[in-house]
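In listed order, ligands and their atoms are each counted from 1.
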Amino acid sequence: MTYKACLFDLDGVLVDTAIYHFQAWKNLGSKFGYVLTEEQNEQLKGVSRVESLNRILAWANYSATEEQISAWLIEKNENYLELISTMNPSEILPGVVDFLGQLKKAGYKIALGSASKNAEIILAKTGLTEWFDLIVDGNMVTKSKPDPEVFLKGAMGLGVEPAACVVFEDAQAGIEAAKAGDMRAIGIGEAEMLGQADKVIPTFVGVQASELLQF
Ligand code: BG6
Ligand code: MG
């Protein structure tokens, strides 16, 4: 199969924002006396903002009012925006820029498929925007991963058949979304965590696109 497009998740694939999300959720949790653990934060990777808060409230066994939920979603995001305000190109994950360069040179189309509503800000701060032919983010979808909507919109926007797309994801929900969209999925991280992926690589360091994209 000759693939034509590569679709990238943002958080945990191109940049490591999980630490900032974790900090902001922990700060919010302290409002209702809950201490979020690192293991729980792992389970929030790839999960939308509103669904993340729902999960945290369920773990905390706290029943919040609609007003509290709306206010807390805003508060968490304001805190998160403050935490990412100093992000810069040094926070791009190792090997990413070299890999994107290889893809461009080889003629692949490149899109972003992220659950985040802050994707454009992060791409701009890290200087990654220019690499993308198309950006699909949390503002443009109604269903979050594992629903394939974000990646299908990416494929459609690029004018490429889903079967000719390869998705790069660090979260299980994202791998499931890619597979549900009839795309190939490459996991970034540990194989045990990303069982459904067609291939798993620990990082992009030293990765040759021409070899990796042979399935
Ligand atoms: C995903 C992250 O990419 O985006 C999640 O892995 C996050 O942790 C989600 O909750 C939504 O992000 P944002 O920036 O819209 O709150
Ligand atoms: Mg991710």
Within reach of ligand 1, part of Val47 (heavy-atom separation under 4.0 Å):
backbone

Flag for Asn118-Asn77: side-chain donor and acceptor within less than 3.5 Å
yes

Side chains of Glu75 and Asn79, donor plus acceptor under 3.5 Å:
no

Looking only at N/O atoms, are [X] and ligand 1 under 3.5 Å apart anywhere?
X      : value
Arg49  : yes
Lys45  : no
Asn77  : no
Asn118 : yes

Under 4.0 Å from a heavy atom of Leu44: which atoms of ligand 1 are those, numbered in the order shown and with their elements?
5 (C), 8 (O)

Against heavy atoms of Ser52, which atoms of ligand 1 measure under 4.0 Å?
10 (O)

Identify, for atom 12 (O) of ligand 1, the protein heavy atom at the shortest distance, and state residue, atom and that distance.
Ser116 CA, 3.4 Å

among protein heavy atoms, the one nearest atom 1 (C) of ligand 1 is Asp11 OD2, 3.3 Å

Can you give the donor-acceptor pairs under 3.5 Å from side chains of residues 88-95 to other protein atoms, not counting sequence neighbours?
from, atom 1, to, atom 2, distance (Å)
Asn88, OD1, Ser90, N, 2.8
Asn88, OD1, Ser90, OG, 2.5
Asn88, ND2, Thr86, O, 3.4
Glu91, OE1, Tyr20, OH, 2.4

Hey, is Lys4 close enough to Glu161 for a salt bridge, meaning N to O under 4.0 Å?
no

Electrostatic pair Lys45-Asp9, nearest N-O below 4.0 angstrom
no

Pairs where residues 192-201 contributes a residue and the test salt bridge (Lys or Arg N to Asp or Glu O under 4.0 Å) is met, not counting sequence neighbours:
Lys179-Asp198

So, with waters excluded, how many protein N/O/S atoms does the Mg ion (ligand 2) have closer than 2.8 Å?
3

Rounded distance (nearest 0.5 Å) linking atom CG of Asn54 with atom CG of Leu73:
8.0 Å

Cation-pi check, Lys76 to Tyr80: give yes when NZ or CZ is under 6.0 Å from the six-membered ring centre and within 45° of the ring axis, no otherwise.
yes

So, is the end of the Lys26 side chain (NZ or CZ) under 6.0 Å from the ring centre of Phe22 and within 45° of the ring's axis?
yes

Are any side-chain N or O atoms of Ser30 and backbone N or O atoms of Gly33, one a donor and one an acceptor, separated by less than 3.5 Å?
no

Just go through Ala173, Gly46, Ser48 and tell me whose heavy atom is the nearest to atom 6 (O) of ligand 1.
Gly46

For atom 15 (O) of ligand 1, tell me which residue out of His21, Lys117, Gln43, Glu51 has the closest non-hydrogen atom.
Lys117

Could you pull out all residues at least two apart from Phe8 that satisfy ring pair (Phe, Tyr, Trp, His ring centres under 6.0 Å)?
Phe168

